[in-house]
Structures are given as C-alpha cells and as structure tokens.
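To keep things clear, I will list the structure first and then write my remarks on it.
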There are 2 protein chains.
Amino acid sequence: MARVTAAQRREQDAGAGYNAFVEACPSRKLLDRISNKWVALILAALGSDDAHQPDSACAGGPRAMRYSELARLLAGVSQKMLTQTLRSLERDGLVTRTVVPTVPVTVSYELTDLGLSLYGMMRGLKAWAEAHMDDVLAHREAYDTRLA
Amino acid sequence: MARVTAAQRREQDAGAGYNAFVEACPSRKLLDRISNKWVALILAALGSDDAHQPDSACAGGPRAMRYSELARLLAGVSQKMLTQTLRSLERDGLVTRTVVPTVPVTVSYELTDLGLSLYGMMRGLKAWAEAHMDDVLAHREAYDTRLA
DNA sequence: GCGCCTTCTTCCCATTAGAAAGCTACACGT
DNA sequence: ACGTGTAGCTTTCTAATGGGAAGAAGGCGC
C-alpha cells in the first residue's frame with residue numbers, strides 16, 4: 001500500500017501535527033463513503049419517491065425500489081457501479097437487499113433506519129445545493145469571464 | 001460525449017420518468033462538487049481551527065490557512081489535487097485566494113460566507129459520521145464474516 | 001429445446017488521481 | 001552579481017478507478 005506509506009512518511013515529516021485528517025481515521029473513511037458520487041443519488045432515490053421536485057421538499061417518503069428501477073431513475077449510472085455501490089451500502093448497513101423469487105428474480109432495495117438517518121443529512125445537503133446553486137453558478141461565470 | 005448520449009438514450013427508453021437525477025441538472029452538478037473527496041476535508045480544515053476533536057464540536061472557528069499549512073494538515077493530498085481543488089472552490093466562490101507579497105510569496109485561503117454556510121452542512125455530516133461510525137463498522141464486520 | 005427477462009459479472013478502454021520531479025519568482029547572504 | 005532557499009504551482013508518468021458492452025445463472029413461456 002504505497003498510499004498509506006506516503007501518508008505516514010509525510011506525517012513523520014510534519015512532526016505529528018494532526019490527530020485527525022489522517023487517512024486511518026474512521027470518520028474520514030465514512031466521509032469518503034458518504035461522499036461517493038452515486039451514494040448520494042441512491043440515497044435520494046430510495047429516500048423519497050419523487051426526489052427532485054424543488055417545491056416538494058423530498059417528501060415522497062422512503063420506499064423500496066427494484067434494481068432496474070434505480071438504474072432507470074439514476075440515468076447515467078453504469079450497471080457495474082450501481083451494483084457495486086448498492087453492495088457497499090448493504091455492507092455498511094444502510095440499505096437492505098431482498099431477493100424476491102418472482103417469475104424473473106426481482107431484487108428490491110430499501111433504506112434501513114441507519115440509511116434513513118443519513119438520508120436526513122443528505123436532504124439538508126440537497127437543500128443547500130438547491131438554495132445556493134445560482135450563487136455558485138454566478139461565481140463560476142464571473143470567475144471564467146474574469147480570466148477570459 | 002458518449003455518456004450524455006447513453007444517458008439520453010436511457011432517458012428516452014424509460015419514457016421521461018425523471019425531471020431530476022439527470023446529469024444536466026445543476027443541483028446534481030453541485031452535489032458532485034460538494035461530494036468531492038477533498039472538498040469536504042478542505043472545508044473542514046478552513047472551517048475550524050482544530051477540526052477533528054470529537055469532544056469539541058468543530059468550534060475552532062473559521063480561519064485563513066496557507067497553502068503549505070493545508071498541505072500538511074490534510075496529510076495525503078497531493079499538491080496537484082490540493083491546487084486543483086482549491087481552484088475549483090475559488091471558482092465556485094466558496095473560498096478566497098489572496099496572495100500576500102511576503103518574503104516568499106504566501107497564499108492564504110479563507111472561506112467566504114457561502115463556503116461557511118456549506119461548512120455548516122458539512123459539520124452536520126461530520127457529526128453524523130462520528131455518531132454512526134461504530135454502527136457502520138459493526139455492520140461491515142458482520143457482513144464480511146457472514147460470507148466468510 | 002430455444003429464447004427471453006432480470007440481475008449481476010467480466011473484459012476492455014478512457015478518464016482520473018497520485019507521486020515525484022521540475023519550474024518560477026524573489027529576498028537574502030556572500 | 002550570483003547562487004541558495006523557500007513557497008506555490010505545473011508537468012510528466014504511472015497506477016487506480018469508472019464507464020460501456022458483452023455475457024453468465026436461472027427459471028419461464030412458446
């Protein structure tokens with residue numbers, strides 16, 4: 001693991017200036033997991049039925065969704081990443097994966113209570129994004145035009 | 001752009017089932033920016049002086065930090081990614097970059113009010129991470145031992 | 001039997017992050 | 001005046017990661 005080695009070397013270099021922010025900290029690992037690109041979207045999809053109406057504050061309520069349903073809704077996720085992300089979420093106890101032995105095998109994913117509490121956090125983040133979206137866009141345009 | 005094409009094809013496939021979750025939505029772009037790996041850490045670093053004590057709830061107060069200070073604190077970020085992330089944050093109006101003409105040129109980064117409000121969100125996320133860290137770890141171990 | 005549907009996996013390639021070196025600019029010491 | 005050292009940033013090369021498409025259980029209808 002070259003990364004850990006490099007980080008540790010740099011840590012010795014700096015002279016133990018941090019107790020946190022270090023890669024080994026579990027909180028940071030969890031933050032990395034949370035801040036995965038698709039995790040947020042899957043949580044938003046599972047957490048609210050109609051997750052993106054700006055007027056309805058994600059009030060659709062949590063519901064179970066099937067694999068293909070998620071794949072359709074997310075509209076840009078590859079099947080590989082969807083499966084991979086769902087597995088990691090299941091591993092972390094954020095979603096449950098239930099195989100329903102219907103005519104073709106159906107798999108439904110649902111948020112656990114833990115995932116639901118995380119979804120609450122995500123909702124706040126999404127609210128922030130929707131509230132400050134135009135601010136950020138304005139800053140971005142100003143920055144881009146400033147350096148022509 | 002094959003990705004957009006694929007997403008659009010899938011969109012037509014599903015029959016306009018989403019107005020959100022689509023890649024072009026600015027809210028999603030913003031969410032992607034927020035959920036970048038280093039953005040959260042830089043915000044945490046700039047937002048609180050001693051950002052990771054579990055007892056002190058990130059109360060160090062926001063302060064400006066120099067480039068090398070950030071590089072030391074984050075302890076695992078490459079200089080390239082640090083510069084890149086700081087530039088994008090500056091572009092989005094979340095941090096200010098001020099060049100101080102000291103003996104060697106010093107650059108100090110500071111959160112804007114917009115970045116500070118985002119840091120408030122991040123603080124909630126970090127609190128969640130610290131609160132449920134052990135839950136997630138327990139689930140993870142259980143999952144790993146279950147499939148031997 | 002043949003094909004199909006749903007979920008998931010495997011292969012290959014494009015994109016991106018990371019590591020290390022180099023580059024610029026400028027004050028300072030000599 | 002010339003090298004040196006420091007801070008910030010850039011470049012270059014390589015390893016890891018993500019996306020796309022094809023394909024594999026596994027059970028059903030035709």
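Numbered from 1 within each chain, the chains take letters A, B, ... in sequence-line order. Values in this document were obtained by computation on a predicted structure and should not be read as measured data.
Between dG18(C), dT9(C), dT6(C), one nucleotide has an atom nearer to the side chain of Arg66(A) than all others, and that is dT6(C). Considering only the side chain of Lys80(A), dG19(D) comes nearest among dG19(D), dT7(C), dG18(C). Side-chain proximity of Arg87(A) to dT9(C), dA19(C), dG19(D): nearest is dT9(C). The side chain of Val107(B) has dG8(D) as its nearest neighbour among dG18(C), dG8(D), dG20(D). When each of dT7(C), dG8(D), dT9(C) is scored by its nearest atom to the side-chain atoms of Thr106(B), the top-ranked nucleotide is dG8(D). When each of dA21(C), dG18(C), dT7(C) is scored by its nearest atom to the side-chain atoms of Trp38(B), the top-ranked nucleotide is dG18(C). Between dG8(D), dG18(C), dT6(C), one nucleotide has an atom nearer to the side chain of Arg97(B) than all others, and that is dG8(D). Checked against dC9(D), dT6(C), dG18(C), the side chain of Met81(B) finds its nearest nucleotide in dG18(C).
Tyr143(B) has its side chain within reach of Arg87(A): a pair of non-hydrogen atoms, C-beta onward, lies under 4.5 Å apart.
Residue Tyr109(A) places at least one side-chain N or O closer than 4.0 Å to OP1 or OP2 of dC8(C). Between Ser68(B) and dG8(D) there is a side-chain N or O to OP1 or OP2 distance below 4.0 Å.
Summary of the strand contacts: Ser108(A) and Asn36(B) both lie near DNA chain C, and taking for each the nucleotide with the nearest heavy atom, the more 5' one is attributed to Ser108(A). In terms of position on DNA chain D, the residue among Thr83(B) and Gln84(A) whose nearest nucleotide sits closer to the 5' end is Thr83(B).
Atom CD in Glu90(B) sits roughly 14 Å away from atom C1' in dG8(D) (whole-Å rounding). Across the protein-nucleic acid pair, Leu86(B) atom CG and dG8(D) atom P stand 11 Å apart, rounded to whole Å. Atoms CG (Leu82(A)) and P (dG19(D)) sit 11 Å apart, rounded to a whole Å. If you take CG of Leu74(A) and P of dG19(D), they are 11 Å apart, rounded to a whole angstrom. Atom pair Tyr67(A):OH and dA25(D):P shows a separation of 17 Å (rounding to whole Å applied). If you measure from atom NZ of Lys37(A) to atom P of dG18(D), you get 10 Å, rounded to the nearest angstrom. Distance Leu70(B) CG to dC9(D) C1': 14 Å, rounded to the nearest Å. The nearest whole Å value for the distance from the CG atom in Asp32(A) to the C1' atom in dG18(C) is 15 Å.
Contact detail for Leu74(A) and Trp38(A): the closest heavy-atom pair is CD2-CE3, 4.2 Å.
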With side chain to side chain contact (heavy atoms under 4.5 Å, CB included) as the criterion, how do Arg33(A) and Asp92(A) come out once you've worked through the C-alpha distance, each side chain's angles and the decisive distance to 0.1 Å?
CA-CA 9 Å; Arg33(A) 169 59 42 90; Asp92(A) 291 353; 2.6 Å; yes
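In summary, Arg63(B) and Glu69(B) engage in a salt bridge, as defined by a charged side-chain N under 4.0 Å from a carboxylate O.
Checking Tyr67(A) against Thr83(A) by side-chain atom types alone, a donor-acceptor pair falls below 3.5 Å.
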